[in-house]
Structure formats: C-alpha cells, structure tokens
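Since we're looking at a predicted model, the values are computed, not measured. Order of listing sets the numbers, starting from 1, for every ligand and every atom in it. Atom set for the values below is all heavy atoms of this structure, side chains included, hydrogens, waters and symmetry mates excluded.
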Amino acid sequence: MVLILKKIYLFGNWKMNHGLSRTDNFFKEFNNRLVSNQLAGNALKQHLLELAFFPPYVSVLNALGEIASEYKDSIFVGAQNAHQEDQGAYTGEISIEMLKELGCKYVIIGHSERRHIFGETNPVISAKIEKCIEKDIIPVLCYGETLKEKEDGLTIKVIEEQLKSAVDNISTSDLNDKKIIFAYEPVWAIGTGLSATPLDAENICRTTRDILKDTKGSSMSRDQIILYGGSVKEGNAKDLINQENIDGALIGGASLKVDSFFGIINSCLGQD
Ligand code: 13P
C-alpha cells in the first residue's frame, strides 16, 4: 500500500528538443505506458500527481492533442518563454495571449538559460510575470544562483533579489491563489549531473517561503507551489520531493525519454 502525503508536481522542460514527429512518438509511448501504470493513473485521477510538458513552441499543439481526455485536468502543456507585450514589432517573439489561445496552462519565465544566454534581466522577467497574471496563465518562475555566486556566499542575496523583483507588482492574494509556481533551479546544477542535496534544496525552498512572507505578507502554509530543478533523475527525485518545502520537480534531460520520466514518476510515487 502506497501512501501519498502531498500533491506532487513533475514538470518536463524539453528545451530545444523534440519537434513534431518526436513529440508524437513521445506521447504514443507515454500514453501506452500510462495505460499499464495503475499507480500513476490513479494518482493523476485523484489529483495527487500533476504532470506538465514544456515542448518547443512548434510542438505545443501536437503535445496538447495527444493528452488522453481522462487526464486533461491533471496533465498540462506549457511553453518555455513568452514576450511581455501583447503584440507588435517584436520579430521572433510569441505573446502570452497567443499561448493562452493555444491552450497552454503554464509558461516558464526567467529560466537561467533565458537569463544567461539571452540576457533577460530581473525587470524584464518581472514584466513577463505581471503579464501572465493579467492574462490568467500561470508562470513557472525560475530563479537560482550561479556557481560563482554560490562560492561567493551570495546565494540568498541573489535569490532574494530575483524573487522580490519578480513578485514586486503582484498582489498577495494572487500569490496565495497559486497564480505563480516557483522553481528553484541553481544554475550550477542544470544539465551537469550535480544536483543540490535534498537538504540544501529544502533550505532554499523554505527560505523562498520566508522571503515571500516577509516581502508580500503571503501565507507560509502550503499555498505556494515550489519546485526544485537541476539534474533531477530517478535516483534522486524521491529524496528531493520528500522534503517538506519541495512540491515537485522541473526536469530537463530526464523528461525527454518516456523511460526516464516514468522512472522519476514511479520513484516519487514510491514504486521503485
Ligand atoms: P536538467 O534536469 O537537465 O538538469 O535541466 C533542468 C532544467 O533546466 C529544467 O528547467
């Protein structure tokens, strides 16, 4: 008998992987696997487990079309980024409204690759978060320190700046209504195989709740959903999500293959 004590969120960020045909193949295999996995199927139906996939823009519709109807309220699709303006001369960009129209429930905002490769700043990320709330799409706000910042003892300062800036114009009631999901992703742990230890990740996720409470007066209860991301795999997922203040995981590499993604699902549900 498996006892699931809290709702678990497992989100897969596919980054620039899986175009149309690979997305179709992924979901064919994924759906077959789900049919034979009673534990995962039941957890999804009972809303004890939520899954979300973040494919490249071009694959969003295919991904949405492949989700079996019985799981449409516990498996969702989101995008990896969006622009903060409604429309206009922004070549190559996609608006939040457009994603909403497609059927996305979520959009990742402020991923470290957006911050560090594409130069997104805290003010830009803050504007995107505000637009998401206005358009009623849930941002998955990524924040986290670089290796240098960690080594310089700046982790708390950096995440505090990132968090405060992101929620600056967001009301406390919107925060308490779970209109933002938080994803602590230490940059040094992304794609490196070097995950934060469960205790270190737990400390930052608890500190996240403290920062939100101190700055916005938000509730300290389980009102905020906080994920951990950075080299999550089958072997470490369970210990991470078993921490009191970690509600789930944002998974990169290990979400690309059905096998490794189900390995994580099964271990989190206690079916190793
Ligand atoms: P990895 O799981 O590949 O380390 O990527 C994490 C990530 O960036 C998720 O957004």
Side-chain angles (χ1 to χ4, degrees), residues 8-18 22-23 26 30 50-57 59-60 63 76-82 99 104-120 125 128-129 132 137-147 149-150 155 158-159 162-163 166 180-198 200-202 204-205 208 225-241 243 246-268:
I8 299 167
Y9 298 80
L10 297 176
F11 287 7
N13 175 9
W14 286 359
K15 307 191 180 183
M16 200 171 72
N17 296 288
H18 291 357
R22 278 177 191 248
T23 297
F26 178 96
F30 175 86
E50 179 172 319
L51 305 179
F53 296 95
F54 297 80
Y57 291 130
S59 304
V60 162
F76 300 98
V77 173
Q80 299 170 17
N81 181 34
L99 297 176
C104 289
K105 177 177 181 185
Y106 296 115
V107 57
I108 294 174
I109 298 291
H111 191 278
S112 78
E113 286 144 22
R114 300 294 322 167
R115 292 178 191 262
H116 298 292
I117 303 174
F118 300 101
E120 283 191 20
I125 289 161
K128 291 185 177 194
I129 295 282
C132 286
I137 190 166
I138 299 176
V140 179
L141 169 70
C142 297
Y143 61 102
E145 80 286 4
T146 63
L147 182 59
E149 289 160 346
K150 176 181 154 73
T155 299
V158 168
I159 67 155
Q162 292 174 341
L163 286 166
I180 302 179
I181 289 186
F182 296 86
Y184 170 55
E185 295 208 313
V187 181
W188 48 268
I190 294 175
T192 59
L194 287 175
S195 169
T197 66
D200 285 348
E202 162 67 5
I204 299 296
C205 293
T208 299
I225 298 168
I226 305 181
L227 314 180
Y228 166 79
S231 296
V232 175
K233 44 189 180 277
E234 182 178 347
N236 61 14
K238 186 177 177 179
D239 286 344
L240 285 159
I241 64 112
Q243 301 299 312
I246 301 178
D247 298 298
L250 183 55
I251 305 149
S255 71
L256 290 173
K257 292 207 168 100
V258 172
D259 239 4
S260 47
F261 194 53
F262 262 100
I264 292 173
I265 295 171
N266 287 338
S267 77
C268 290

Examine ligand 1 and decide if any of its atoms is less than 4.0 Å from a heavy atom belonging to [X].
{"X": "Lys233", "answer": "no"}
{"X": "Ala189", "answer": "yes"}
{"X": "Gly191", "answer": "yes"}
{"X": "Ser231", "answer": "yes"}

Hey, which of Ser112, Ser195, Ser231 is the one that makes side chain to side chain contact (heavy atoms under 4.5 Å, CB included) with Ile190?
-> Ser112
Identify the closest protein heavy atom to atom 2 (O) of ligand 1: which residue and atom is it, and at what distance?
-> Gly252 N, 2.9 Å
In the protein, what heavy atom is nearest to atom 7 (C) of ligand 1, and what distance, to one decimal place, separates them?
-> Glu185 OE2, 3.3 Å
Test side-chain hydrogen bond (donor to acceptor under 3.5 Å, both in side chains) applied to His111 and Glu185, Glu120, Gln80, the passing residue = Glu185
Close-contact set for ligand 1 against Gly253 heavy atoms, below 4.0 Å = 1 (P), 2 (O), 3 (O)
List every atom of ligand 1 that sits less than 4.0 Å from any heavy atom of Leu250, numbering the atoms from 1 in the order shown and giving each element.
-> 9 (C), 10 (O)
Looking only at heavy atoms, is any part of Asn13 under 4.0 Å from ligand 1, and if so is it the side chain, the backbone, or both, or is it neither?
-> side chain
What one should report as the nearest heavy-atom pair of Ala254 and Ser260 is O-OG, 3.0 Å
Please find out if less than 6.0 Å separates the ring center of Phe262 from that of Phe30.
-> yes
Ring centers of Tyr106, Tyr9 separated by less than 6.0 Å = no
Got a donor-acceptor contact below 3.5 angstrom from the Tyr143 side chain to the Gly110 backbone?
-> no
Do other residues, nucleotides or ligands put more than 12 heavy atoms under 6.0 Å from the CZ atom of Arg22?
-> no
Contact check: Thr192 vs ligand 1, nitrogen or oxygen atoms, below 3.5 angstrom = no
Based purely on interatomic distance, does Ile190 place a nitrogen or oxygen under 3.5 Å from a nitrogen or oxygen of ligand 1?
-> no
Interatomic spacing from OG1 in Thr155 to CD1 in Ile204 - rounded to 0.5 Å | 5.5 Å
